[in-house]
S.K.: 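Dumping the structure here so I can ask a few things about it.
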Amino acid sequence: MALLVQKYGGTSVGNIERIKSVAEKIKATKADGHDVVVVLSAMSGETNRMIALAKEITANPSPREMDVLLTTGEQTTIALLSMALHSLGLDAVSMTGDQIRLKTDSCHSKARILDVETKNIKEHLKLGRVVVVAGFQGRSETNEITTLGRGGSDTSAVAIAAALKADECQIYTDVDGVYTTDPRVEPNARRLDRITFEEMLEMASLGAKVLQIRSVEFAGKYNVPLRVLSSFKDGGGTLICYEENKMESPVISGIAFNRDEARLTLSGVPDKPTVAAQILSPIGDANIDVDMIVQNTLGNGKTDFTFTVHRDDYEQTKELLEKVCVLLHADNVQGNKEIAKVSVVGVGMWNHPGVAKTMFETLGQEGINMHQIATSEIKISVLVDSKYLELAVRALHKAFKLADDPTEEK
Ligand code: ASP
Ligand code: MG
């Protein structure tokens, strides 16, 4: 018998029929002898619909009232699912974030979780009830209703699972797990049975969007085993956990990518201390995220400073750099907006020095030029022209044999 936290996303509770089928799934889990705490999103489209309503009244709605409004989406689904569970003969009780005492800071629309009380939930569980909790919402220290940011129900589920020390936090969604890469780019992409927290963070931040990234960080921090699975299709999904035995990890778990990069270079900057900080501080002040940074000393007292930003931030970053260029007496600013980042990710690469060689050889054979390379313990990222992105992903997927079934005898 296990204690499971099951989170169902917006499409899984998108209409009454689906809510009824989620109730059936929960009934089956209960019949297997498990205790279940359910965390729900609003019906798909509902949060957007309410945001649009508010915008019809004012372009700048009060953040406090916005949170009061948006939390009703989840309050609707928890009541409906509880009714559906009742009609299957199960004892179930819905609870808002306030009722379970999910405490947050006071930052409306992107509140951070401070604490989750488990007393109320545990009392209901002890009586054999299914507890159905509204995701995405909490209550601040000043007793205001708060929300956790878009997609925040994933994080609610993980926080509740951590507080209850649940055996597993299961995120039911419309995909059946985490894949070796985006199946829309590589139809041979394979579902992974397991992936580590570290790998998942790399895969998610690089564009393989399955889970709210914050929920993965949270789960890693509190060591909550996290499973992504489909509410529409049977299957074991993908388990995200710590890898106890690194030796047995696959060398490469997946190929992540990001289409929307732009690259800028400030050339001929004087090579002396504080210059890097001077270049990046106006960009940081403008709240622009900087990603891959490279500085190359040319040996003549000057250096080239290159970095990437999101493509939407390109024009603004270029303007800021032009000013820095004058200020530092640098040579010039160059940029390229049509850049994509491709990364091979795997905790197993630490003791396989051949990964970089295979990656670069593969791209070379396809005639794909790399503009920049960055490495960490568990990934190698390269920048390529956007037009080669799909080709690069497919070629690397093949080179690292990711489509093959790893359980098959070779
Ligand atoms: N309903 C919220 C949203 O659409 C939270 C969630 O679904 O996780 O962002
Ligand atoms: Mg979601």
Side-chain angles (χ1 to χ4, degrees), residues 5-16 18-19 21-22 25 37-55 61 63-82 94-100 102-105 107-113 116 131-140 144-163 166 169-175 178 200 204-205 208-219 224 226-232 237 240:
V5 173
Q6 298 191 329
K7 184 257 168 178
Y8 291 89
T11 43
S12 310
V13 293
N15 57 43
I16 294 301
R18 289 189 175 167
I19 289 177
S21 94
V22 166
K25 272 182 131 15
V37 175
V38 181
V39 177
L40 295 185
S41 284
M43 289 178 163
S44 55
E46 194 53 21
T47 309
N48 288 340
R49 189 185 68 85
M50 289 188 282
I51 292 171
L53 287 178
K55 296 269 150 137
R64 178 188 186 277
E65 301 311 330
M66 220 37 212
D67 279 353
V68 173
L69 174 66
L70 296 189
T71 46
T72 62
E74 275 72 13
Q75 196 164 328
T76 305
T77 49
I78 56 170
L80 291 172
L81 179 67
S82 298
S94 67
M95 298 188 88
T96 63
D98 188 14
Q99 285 174 306
I100 63 157
L102 189 147
K103 293 180 196 150
T104 72
D105 63 18
C107 200
H108 285 294
S109 87
K110 42 179 183 302
R112 312 224 34 118
I113 299 174
V116 184
V131 185
V132 185
V133 183
F136 176 56
Q137 54 178 264
R139 169 184 171 160
S140 74
E144 299 287 359
I145 292 176
T146 51
T147 62
L148 308 178
R150 297 307 305 270
S153 304
D154 292 341
T155 302
S156 304
V158 171
I160 291 166
C169 181
Q170 305 179 328
I171 308 282
Y172 282 90
T173 175
D174 42 10
V175 295
V178 180
M200 187 62 215
S205 65
K209 294 186 193 73
V210 192
L211 277 171
Q212 200 198 34
I213 185 92
R214 208 170 124 199
S215 71
V216 181
E217 283 164 5
F218 208 109
V224 177
L226 195 58
R227 192 183 291 276
V228 177
L229 59 189
S230 163
S231 26
F232 306 106
I240 309 165

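Note that the structure is a prediction, hence the values are computed from the model and not measured. Sequence positions, counted from 1, serve as the residue numbers for this chain. In listed order, ligands and their atoms are each counted from 1.
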S.K.: At the 4.0 Å heavy-atom cut-off, does Glu46 count as touching ligand 1?
M.R.: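 Heavy atoms of Glu46 never come under 4.0 Å of ligand 1.
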S.K.: Can you tell which of Ala134, Ser153, Ser156, Gly135 gets a heavy atom nearest to atom 8 (O) of ligand 1?
M.R.: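 That would be Ser153.
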S.K.: Mind checking whether Arg150 has an N or O less than 3.5 Å away from an N or O of ligand 1?
M.R.: yes
S.K.: Do Glu217 and Arg214 sit within salt-bridge range, that is, some charged N less than 4.0 Å from a carboxylate O?
M.R.: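 So Glu217 does not pair with Arg214 through a salt bridge.
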S.K.: Side chain of Asp67, backbone of His108: donor and acceptor closer than 3.5 Å?
M.R.: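 Absent.
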S.K.: Strictly under 4.0 Å, does any heavy atom of Gly73 approach an atom of ligand 1?
M.R.: no
S.K.: Heavy-atom contacts with Ser41 under 4.0 Å: which atoms of ligand 1 show up? List them by number with element.
M.R.: 6 (C), 7 (O), 8 (O)
S.K.: Just wondering, more than 12 heavy atoms not from Lys110 lying within 6.0 Å of its NZ?
M.R.: no
S.K.: Heavy-atom contact check, 4.0 Å cutoff: does Gly151 meet ligand 1?
M.R.: yes
S.K.: Pairing donors with acceptors under 3.5 angstrom, does anything connect the side chains of Thr155 and Gln212?
M.R.: yes
S.K.: Could Glu144 and Arg139 be called an ion pair, given the rule that one side-chain N must be under 4.0 Å from one carboxylate O?
M.R.: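 No, this pair does not count.
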